[in-house]
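The structure displayed is predicted, hence computed values, not measured ones. Sequence positions, counted from 1, serve as the residue numbers for this chain.
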Amino acid sequence: MKIEVATKKYFEEKKFIEENFDFPENIQELIDRAADLYPTTLALNFFEQEPQAKSITYADLRVSIYKLADGLQQQGIKKGTHVAVIMSNRIEFPISWLAIAVIGAVMIPVNPAYTSAELDYVLNDSDAEFVVIEDKFLPTLKAMSKKPKAMTDESIIIVTDKDTKNNWNSILLRGSKDAQYNYQVNSDDLLNIQYTSGTTGFPKGCMQSQKFWIMAGCIAALRNKGIKSVLADAPFFYFDDQYMVIMGLYSGMTVYVSEGMSVSRFLDWIDNHQIELAYFPTPLLETPPSPRDSATSLKKFIGFALNAEMTRLVEERFNVLTRDSFGMTEVGVGLLVPDTVNSDAALNSCGLPAPFREVKVVDDNGNEVESGNPGELWMKGAGIINGYYKKPEANKEAFIDGWFRTGDVFIADELGYHTIVGRIKDMIRRSMENISALEVETAIRSKQGIEDAAAIAVPDKKRDEEVKIYVLLSAGYTSEQISPADIIIHCQQRLAPFKIPRYFEYVKSFPYTPSAKVAKHQLKDMKIDLRKDSWDELDQCWR
């Protein structure tokens, strides 16, 4: 189909959805709908959960959610209570989240790789009152220097197979599936405080309402009509696996959840579970081709930062429709490439505005630029976050007259296809993880003997970007005294593993801006290959 015709048809469909689609009022309504329409369909299958796989139908999922919701209320959790959830990919995570939603409480999903220092920040910043935590992460929780005032030993709920106090299983078992609630949970009620790494320091908590999640999942379901199964292989505290659960609730898809991403096991998972939809793992292109590549059950790949050339390579090798999109923790899905277009212009872009999304590309003064010119992408529409939790200055900067500033630089063509060309934000994206450069720098500057530090992104084929740190030592210190290994040990006590730099370069001085910030653009311009003259921790060599 010609791009002009397909584009026009897409905008007609978008308008029809916006004018005619009625969203459920809250997550509970969505749960009831799923249990009534798809009672015997498998809802969730955590096929790698230890010690044995766990799965559940939509009818039984409703029962478990309702029983846990009642048990949590008996424990003291009520509408508006802030509940941190710290778990690996296991079935108790989505059941806990949906039970929290039924109550009208607020979940704070926490990266289980966080150190105790990072937990200190997130749990206190989010005003967590309860925590649902897998037993193997308890030592990190106990090592916190300052627990939130409202959090007591009684408010720590442990996910474990052992017979312990405040056991998750016992709380579920004592709950009633027929419990009644004397209050209303509305679509605008807060459901998640989802932390995302910003560019001005530590992570910010995105305030996501029940409407945010319902819209994200339902729009994804409408985009993937006819799909019966999806692979969720990201950590469950991410946006991706959570929206897939909502997508399943609306459409009746089965959500298959792995422990995490794996290129070597990916095709086995697809074959073993007859999965039809999955994110495409880009490193799979680097593996030797095989006849099984084009003989899977897959119907569609969700692309991630693929250009036209890579999209066609994927489609030719795997015989699977592949389309890219653009989303953020703050907005859900913002842009998408329609399935019906196949031109370079479309496949090189992040696509057209998603349903219920309006976008524009603006200059530094907020004035819309002409097509073909770069500018910051602004976005608005129903179901965008309510702002950042307890961050009035960040909210003032991020929201202007109802528009959300994405911080990313785009170019839009005459048909409305938007292509990302760079980032305003000073962040590093490594294997789908957003890393604040300032957070890394702050951790490294806290080491005695380091005067200043600057973190930048180094392009990487496998991980999108890697973290490089430039180190300026204090007078009297040498790189032998403060080696990369010493810095890594220091970081391990303060940063999650994915934030720890791979590349290290020592400098005698930094170029600074008039506002006394390191002029990183000058650092990047000093050499074509940013790895040169750096210690490579992964390959254990100086480059």
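Aromatic pair Phe93/Phe46: ring centres not closer than 6.0 Å.
By the 30° and 60° cut-offs, the orientation of the rings of Phe239 relative to Phe212 is perpendicular. The aromatic rings of Phe410 and Phe326 sit perpendicular, their planes meeting at an angle over 60°, well past the 30° parallel limit.
The closest side-chain donor-acceptor pair between Asn272 and Tyr256, if any, does not fall under 3.5 angstrom. The closest side-chain donor-acceptor pair between Glu393 and Tyr388, if any, does not fall under 3.5 angstrom. Using modelled atom types, one finds a donor on one side chain and an acceptor on the other under 3.5 Å when comparing Gln194 with Asn192. Under 3.5 Å, the side chains of Ser88 and Glu134 contain a donor-acceptor pair of N or O atoms. Side-chain atoms of Gln184 and Asp189 include no donor-acceptor pair closer than 3.5 Å. Using modelled atom types, one finds a donor on one side chain and an acceptor on the other under 3.5 Å when comparing Ser96 with Trp168. Checked by atom type, the side-chain pair Tyr195/Asp125 shows a donor-acceptor distance below 3.5 Å.
More than 12 heavy-atom neighbours from other residues, nucleotides or ligands sit within 6.0 angstrom of NZ on Lys14. Counting heavy atoms of neighbouring residues, nucleotides and ligands inside a 6.0 Å radius, atom CG of Asp364 does not exceed 12 of them. Shown here is Lys8, whose NZ atom has no more than 12 heavy atoms of other residues, nucleotides or ligands within 6.0 Å. Counting non-hydrogen atoms of other residues, nucleotides and ligands closer than 6.0 Å to NZ of Lys390 gives a total above 12.
No donor-acceptor pair under 3.5 Å is formed between the side chain of Glu276 and the backbone N or O of Ile227. Not one N or O on the side chain of Thr40 forms a donor-acceptor pair closer than 3.5 Å with the backbone of Tyr38. Looking at Glu48, its side chain does come within 3.5 Å of a backbone N or O of Glu259 through a donor-acceptor pair. Between the side chain of Gln210 and the main chain of Ile27, a donor-acceptor pair closer than 3.5 Å is present. Put simply, the side chain of Glu465 gets close to the backbone of Arg429: a donor and an acceptor are under 3.5 Å apart. When atom types are taken as modelled, the side chain of Glu25 and the backbone of Ser187 share a donor-acceptor pair closer than 3.5 angstrom. Proximity of a side-chain donor or acceptor of Arg90 to a complementary backbone N or O of Val159 within less than 3.5 Å is not detected. Under a 3.5 Å cut-off, the side chain of Glu466 and the backbone N or O of Pro459 do not form any donor-acceptor pair. Not a single donor-acceptor pair under 3.5 Å links the side chain of Glu358 to the backbone N or O of Gly381. Asn20 contributes a side-chain N or O that, together with a main-chain N or O of Phe16, makes up a donor-acceptor pair within less than 3.5 Å.
The side-chain heavy atoms of Asp271 and Arg292, taken from C-beta on, include a pair separated by under 4.5 Å.
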- Task: Let me see the working for Trp269 and Phe47 under ring-ring contact (aromatic ring centres under 6.0 Å, His included), right down to the final yes or no.
- Result: CA-CA 9 Å; Trp269 293 341; Phe47 57 87; 5.7 Å; yes
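Rounding to the nearest 0.5 angstrom, the gap separating the OG atom in Ser349 from the CD1 atom in Ile411 is 12.0 Å. Atom CG in Leu335 sits 10.5 Å away from atom CZ in Arg357 (nearest 0.5 Å).
The ring pair (Phe, Tyr, Trp, His ring centres under 6.0 Å) test with Tyr250 is passed by exactly one of Trp213, Tyr243, Phe23, Phe21: Phe21.
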